[in-house]
Amino acid sequence: QGAFGRVKIVTHNGKSYALKMLTKTQIVTSNLQGHVLNERAVMMVLFHPFILRLHNTYKDAKYLYFLLEIMRGGELFTILRKQGRFMEADSMFYAGAWVLPFACLTQRCSSADRDV
């Protein structure tokens with residue numbers, strides 16, 4: 001559950017996905033239409049192992065739906081809160097997991113760039 005909706009795990013042809021459901025009225029009330037459209041546009045063209053892959057988007061009268069690659073394990077902040085602190089090696093890995101996607105964004109990595 002988030003500020004503008006919730007995420008459900010869905011399956012299609014035996015494959016699991018995360019379905020992010022954004023409430024249209026809350027997006028409009030908060031004047032975030034441009035932000036959501038930008039999020040969609042950017043995520044549709046990015047490909048990086050540390051950035052969730054957006055497969056498609058849908059809409060109905062109440063929600064906008066983002067069909068995402070599923071990422072199990074929870075939010076990093078929640079994990080840190082439970083553990084209290086990370087070991088140095090873990091901290092270095094998580095720092096890299098944050099830095100590398102930003103490097104990808106500045107280089108405009110896209111699905112067209114990936115090796116198939």
Side-chain angles (χ1 to χ4, degrees):
Q1 186 76 26
F4 298 104
R6 58 182 171 232
V7 177
K8 291 185 176 184
I9 297 174
V10 298
T11 57
H12 179 67
N13 292 335
K15 185 164 167 101
S16 295
Y17 299 90
L19 186 65
K20 181 178 176 180
M21 304 166 57
L22 303 171
T23 307
K24 286 182 174 181
T25 54
Q26 289 179 326
I27 292 168
V28 171
T29 301
S30 301
N31 198 29
L32 292 174
Q33 301 94 312
H35 175 78
V36 172
L37 291 172
N38 189 47
E39 177 183 1
R40 180 195 183 278
V42 169
M43 288 189 75
M44 287 298 288
V45 298
L46 291 180
F47 180 82
H48 189 276
F50 293 141
I51 299 175
L52 286 178
R53 179 80 177 135
L54 175 61
H55 293 284
N56 211 342
T57 57
Y58 310 94
K59 65 181 178 177
D60 64 20
K62 187 173 181 180
Y63 294 103
L64 298 176
Y65 301 93
F66 282 42
L67 186 65
L68 299 157
E69 169 185 17
I70 196 162
M71 182 66 62
R72 298 185 188 266
E75 189 176 48
L76 182 60
F77 183 73
T78 304
I79 296 167
L80 177 58
R81 193 173 340 130
K82 286 180 184 176
Q83 291 186 5
R85 68 168 59 187
F86 292 135
M87 301 296 292
E88 183 177 352
D90 295 332
S91 298
M92 291 170 60
F93 172 80
Y94 291 129
W98 277 90
V99 170
L100 291 174
F102 284 107
C104 173
L105 287 169
T106 61
Q107 296 170 4
R108 298 179 185 221
C109 58
S110 70
S111 59
D113 296 334
R114 85 177 137 167
D115 296 328
V116 178

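One-based numbering along the sequence shown. Every heavy atom of this structure was used, including side-chain atoms; hydrogens, water molecules and symmetry mates were not.
- Annotation: the span from Leu68 atom CG to Ile51 atom CD1 amounts to 12.5 Å, rounded to 0.5 Å.
- Residues passing the ring-ring contact (aromatic ring centres under 6.0 Å, His included) test with Tyr94, sequence neighbours excluded: Phe86.
- Sequence neighbours left out, not one pair with a member in residues 91-107 passes salt bridge (charged side-chain N to carboxylate O under 4.0 Å, His left out).
- For residues 26-37, no pair satisfies salt bridge (charged side-chain N to carboxylate O under 4.0 Å, His left out), with sequence neighbours left out.
- Residue Ile70 shares its hydrophobic cluster (ILVMFWY side chains chained together at separations under 4.5 Å) with Ile9.
- The CD atom of Gln26 lies 10.5 Å from the CG atom of Leu32; values are rounded to the nearest 0.5 Å.
- The closest side-chain heavy-atom distance from Arg40 to Leu64 is not below 4.5 Å.
- In this structure, the salt bridge (Lys or Arg N to Asp or Glu O under 4.0 Å) partners of Glu39, at least two apart in sequence or on a different chain, are Lys20.
- The side-chain contact (heavy atoms from CB on, under 4.5 Å) search around Val42 returns Asn38, Leu46, Leu105, not counting sequence neighbours.
- Closest approach of Leu54 and Leu67 over heavy atoms only: CD1-O, 3.5 Å.
- The side-chain contact (heavy atoms from CB on, under 4.5 Å) search around Leu37 returns none, not counting sequence neighbours.
- Annotation: the span from Tyr63 atom OH to Ile27 atom CD1 amounts to 11.0 Å, rounded to 0.5 Å.
- Ring pair Phe50/His48 is tilted by interplanar angle, where 30° to 60° counts as tilted.
- To the nearest 0.5 Å, the span separating CZ on Phe66 from CE on Met44 amounts to 9.5 Å.
- Gln83 CD: more than 12 foreign heavy atoms inside a 6.0 Å radius.
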Exercise for the section: Go through Lys62 and Met21 one step at a time and tell me if the side-chain contact (heavy atoms from CB on, under 4.5 Å) criterion holds. Expected result: CA-CA 9 Å; Lys62 187 173 181 180; Met21 304 166 57; over 6 Å; no
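- The two residues Arg85 and Leu80 come nearest to each other via the heavy atoms CA-CD1, 3.8 Å.
- Listed by chain and residue number, Tyr17 satisfy the ring-ring contact (aromatic ring centres under 6.0 Å, His included) test with His55 (two or more places apart in sequence, or in another chain).
- Note on Val99: it does not cluster hydrophobically with Met92, by side-chain heavy-atom contacts below 4.5 Å among ILVMFWY residues.
- Applying the side-chain hydrogen bond (donor to acceptor under 3.5 Å, both in side chains) rule to Asp60 yields the partners Tyr65; only residues at least two apart in sequence or on another chain are considered.
- Under a hydrophobic clustering in which Ile, Leu, Val, Met, Phe, Trp and Tyr are joined whenever their side-chain heavy atoms come within less than 4.5 Å, directly or via other members, Trp98 and Ile79 fall into the same cluster.
- Lys82 pairs by the side-chain contact (heavy atoms from CB on, under 4.5 Å) definition with Thr78, not counting sequence neighbours.
- Between Gly96 and Pro101, the shortest heavy-atom contact is O-CD, 4.1 Å.
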